[in-house]
S.K.: 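Before I ask anything, let me first share the structure, which is written out below as C-alpha cells.
We count ligands from 1, going down the list as the structure has it; atoms in each ligand are counted the same way.
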Amino acid sequence: MANLKLNGVELHVGFDDVDSPRGGCTTDLVSEIAIKWSKRGVKFIDYPNLVRLNPAIPWKTRGNGALSLRVLAESYELAKDMCSEAISISEDYVAEFTHLKRSPHVVCFIGHVPGELESMGEKAVRDVVLIDEALSIVEKHLPKVITWSNSSNRRGLIGALAAVGNRLTKDHTYELIAYRSRDYWGTPRLIDPVSVFKMDEETGGLTFLNVDKEANRILIAPHGPDPILFGIRGEEPSALIKALSIVKTGEPIAKWIIFRTNQATDEHLKRVRNLCEAYAYTGVIAVGRVSRDPRIIAGGHVILTIADECGEVDAAAYEPTEDFRGIVKELKPGDVVEVYGVVRPPSSIHGKTINLEKIRVIKLAEVLRQLNPICPKCGRRMTSSGKGKGFKCTYCGYRDPTASKVVVIEKRRVAEGWYQPPPRAFKHLMKPLERFGREKSGWSGVMIEKWHS
Ligand code: ATP
C-alpha cells in the first residue's frame, strides 16, 4: 500500500462517535458517503476501513468501532472540497441522530499518512491514547489536518484520528454489511436462518462466526434499533459477495458495502514478557503457572489465578462464555497456561483481572492423589482400620494391618491445547481458532470491482 505510486492527492477521512441509541450508526453514515463518492467516480485507494479500537476503553458503549475512507483527489483543493462535503453530510446525519453524550468527530488528513499517525492508530487498538497526544499530532500537521465536531468533548477525536492512522497493514479481514430501509428500523429483522446455515456451509472457512451450531442460532444480525440488517465476516471480498447471494431476507436490502477491518485478528493483544507488564486497559498474551485452585464466584464466573516470577494475577472466564468456564475450572495448581485477554483494573472487590478470551494449556501438571489401597482378594477399594492399623475390606473381610495409602496420578479432565468461548460469546477483535494459519501479512491494494450496491 505505502509503496504504490499514486497519481493525485491522498485524502483520508476518519469518523467516530456518530452512532446513537436512537438509530444512527457510524458505518451507515460512512457507507452513505462512500457509495455516493464511488458512484461519482472518485478513486478509492482502499475499501472503507472499519477499525475496532481498544475494547478495554471505559468510554466505549458498544464495539468501539471507528471508520475511515481513503481516496485520491485530483488536487489539494479538490481534496479539501471533498473533506468539506464529508463534514457537511456528517453534520446532517448527526443532527438527526446523535445523542447528547456522544462526541461525534470527523478528521480529514490530506496527503500520505505519516508514521507517527500510523503508530497512534495502532496504539489506539492496544492501549489508551490521551487527548493531548491526538491534539499534538493534529497541530503538528496543520493545515493538512481538518477536524470537525459539534461537541465540546474532544474524546471522539482519538477514534477518528486513529481510524485514519491505522492502515490495517498486517492481518485483516472483511465485513459485508447490509442495511435496512428506514421503514424497517426498530422492527424485528426478517432473515431466513436456514439460508444463513447454508451460506456458512457453502463459504466454509472463507467466512466465519456466521452461526452458532451448538445453540442453533445465527450470529450475523444485531439486535438493536440500528440500521444494520446483517454483517457477514470473511477472509476475502469475493467470498462475501457469494455469501450475500445465498442469504435470504424477508425485507429489502437498502444498500450493502464491504469494509476492510481488523476484526477477528487479535490486533488488540500484545505478548508481555511477564505478568507485571499486564497493565490495566491493555490487551495481553501472557504465560503463567496456575497458582491456586480455580474458584466460582457470584454470577457463575470462574476465576483462575496465575503467577510467574514477577507476580500473581487473576484471569476471569465470565458467565456468558458458558462451557469455556468448565475448561478453566478443570485447571490445577502447577499447570502452565497462556492467557489471552484485556486487563481490567482492580476495584474494591477484585484485583487486576485479565478477562479471558482464549487460553492455551501448555503443560498439565501431574496431580497426585492419595487413595486407599485395592483389596488383593476381591479388587475393591479397602477402608481404614483406624490410625496406624492398616486397611480392611468391607466386602470380603480381608485385613492387612501393614497396608498404607497408595499415591496415584489423577486422570485430568482437560487436555493440553487451545480453548475458546462459544461463537455467541465472541467480541469483534477476538480471533477465532479457525482463523489460525489464515493470517495475512499485508494487503495487495487491489479492490474488487463491485464492493458496494
Ligand atoms: P461503536 O458503537 O461505534 O462500535 P462505541 O459506541 O462502543 O463504538 P464510541 O462511541 O466510539 O464507542 O466511544 C468510544 C470513545 O472512546 C470514543 O470517543 C473514542 O474516541 C474513544 N477511544 C477509543 N479508543 C481509545 C483509546 N485507545 N484511547 C482513548 N480513547 C479511545
Side-chain angles (χ1 to χ4, degrees), residues 13-32 48-69 90 93-94 97-107 116-138 145 147-166 168 175 177 179 221-228 231 233 257 259 261-264 267-270 279-284 342-345 355 426-430:
V13 193
F15 304 81
D16 195 21
D17 246 355
V18 178
D19 56 314
S20 148
R22 284 188 11 232
C25 155
T26 318
T27 74
D28 180 40
L29 163 70
V30 172
S31 63
E32 191 179 314
N49 289 177
L50 167 54
V51 185
R52 295 286 174 184
L53 302 174
N54 186 348
I57 282 298
W59 307 285
K60 69 160 197 181
T61 45
R62 297 184 298 187
N64 204 5
L67 290 106
S68 57
L69 294 176
S90 305
Y93 194 90
V94 164
F97 291 115
T98 208
H99 190 250
L100 286 177
K101 279 195 213 141
R102 305 290 162 137
S103 110
H105 273 75
V106 178
V107 172
E116 65 180 322
L117 182 49
E118 284 202 19
S119 308
M120 180 269 181
E122 282 162 24
K123 181 180 175 189
V125 179
R126 298 201 185 102
D127 208 333
V128 181
V129 174
L130 304 177
I131 294 180
D132 283 350
E133 284 178 76
L135 286 172
S136 82
I137 294 179
V138 169
V145 191
T147 65
W148 171 85
S149 178
N150 69 350
S151 151
S152 55
N153 178 352
R154 309 294 339 247
R155 179 150 308 281
L157 175 69
I158 298 172
L161 197 61
V164 168
N166 192 315
L168 306 170
E175 179 163 1
I177 300 186
Y179 294 85
H223 297 287
D226 55 283
I228 295 179
R233 292 150 188 237
I257 190 164
F259 294 94
T261 98
N262 60 349
Q263 291 173 160
E267 193 196 350
H268 62 310
L269 304 179
K270 184 177 158 208
Y279 303 116
Y281 305 115
T282 69
V284 297
V342 295
V343 186
R344 198 169 149 209
N355 295 349
F426 262 68
K427 306 238 167 53
H428 297 294
L429 277 159
M430 284 165 64

S.K.: Can you sort out which atoms of ligand 1 are near Trp59, meaning under 4.0 Å from one of its heavy atoms?
M.R.: 13 (O), 14 (C), 16 (O), 29 (C), 30 (N)
S.K.: Please confirm whether Gly156 comes under 4.0 Å of ligand 1, counting heavy atoms of the residue only.
M.R.: yes
S.K.: Starting from atom 6 (O) of ligand 1, which protein heavy atom do you reach first, and at what distance in Å?
M.R.: Thr61 OG1, 2.3 Å
S.K.: With respect to Val125, determine whether any N or O atom, backbone or side chain, lies less than 3.5 Å from an N or O atom of ligand 1.
M.R.: no
S.K.: For atom 7 (O) of ligand 1, which protein heavy atom lies nearest, and how many Å away is it?
M.R.: Arg62 N, 2.4 Å
S.K.: Quick test: of every protein heavy atom, which one is nearest to atom 31 (C) of ligand 1, and how far off is it to 0.1 Å?
M.R.: Ile158 CG2, 3.8 Å
S.K.: For atom 23 (C) of ligand 1, state which one of Ile131, Val129, Asn64 supplies the nearest heavy atom.
M.R.: Asn64
S.K.: Can you find a side-chain donor-acceptor pair between Tyr93 and Asp28 that sits under 3.5 Å?
M.R.: yes
S.K.: Taking atom NZ as the centre, does Lys60 end up with more than 12 heavy-atom neighbours from other residues, nucleotides or ligands that are less than 6.0 angstrom away?
M.R.: yes
S.K.: Do you know which of Ile131, Ile137, Leu130, Leu135 makes side chain to side chain contact (heavy atoms under 4.5 Å, CB included) with Glu133?
M.R.: Leu130
S.K.: What about Ala124: any of its N or O atoms under 3.5 Å from an N or O on ligand 1?
M.R.: yes
S.K.: Picking from Asp16, Val107, Asp17, Val106, what satisfies side chain to side chain contact (heavy atoms under 4.5 Å, CB included) with Leu157?
M.R.: Val107
S.K.: For Asn166 and Gly121, which heavy atoms make the closest approach, and how far apart are they?
M.R.: ND2-O, 3.2 Å
S.K.: Could you tell me the residue and atom name of the protein heavy atom closest to atom 20 (O) of ligand 1, and the distance to it rounded to 0.1 Å?
M.R.: Arg155 O, 2.7 Å
S.K.: How close do Ile257 and Pro48 get, counting heavy atoms only, and between which atoms?
M.R.: CD1-CG, 3.9 Å
S.K.: At a 4.0 Å threshold, what atoms of ligand 1 neighbour a non-hydrogen atom of Leu53?
M.R.: 23 (C), 24 (N)
S.K.: Can you report which non-hydrogen protein atom sits closest to atom 9 (P) of ligand 1, along with the distance?
M.R.: Asp17 OD1, 3.1 Å
S.K.: Which distance, rounded to the nearest 0.5 Å, do you find between the CG of Asp226 and the OG1 of Thr27?
M.R.: 8.0 Å
S.K.: So which atom in Ala134 and which in Met120 form the shortest heavy-atom distance, rounded to 0.1 Å?
M.R.: CB-CE, 4.3 Å
S.K.: Identify, for atom 1 (P) of ligand 1, the protein heavy atom at the shortest distance, and state residue, atom and that distance.
M.R.: Gly65 N, 3.6 Å
S.K.: Can Tyr179 and Ile228 be said to form a side chain to side chain contact (heavy atoms under 4.5 Å, CB included), step by step?
M.R.: CA-CA 4 Å; Tyr179 294 85; Ile228 295 179; 3.8 Å; yes
S.K.: At what distance, to the nearest 0.5 angstrom, does CH2 of Trp148 lie from OG of Ser90?
M.R.: 6.0 Å
S.K.: Could you tell me the residue and atom name of the protein heavy atom closest to atom 11 (O) of ligand 1, and the distance to it rounded to 0.1 Å?
M.R.: Asp16 OD1, 2.9 Å
S.K.: Taking atom 27 (N) of ligand 1 as the point of reference, which of Asp127, Asn153, Val128 owns the nearest heavy atom?
M.R.: Asp127
S.K.: Applying the side chain to side chain donor-acceptor pair (under 3.5 Å) criterion to His428, which one of Arg233, His268, Glu175 satisfies it?
M.R.: Arg233
S.K.: For Gly159, is at least one N or O under 3.5 Å away from an N or O on ligand 1?
M.R.: yes
S.K.: Tell me: protein heavy atom nearest atom 26 (C) of ligand 1, and distance?
M.R.: Ile57 CD1, 3.4 Å
S.K.: For ligand 1, is Arg52 a contact, meaning one of its heavy atoms is under 4.0 Å away?
M.R.: yes
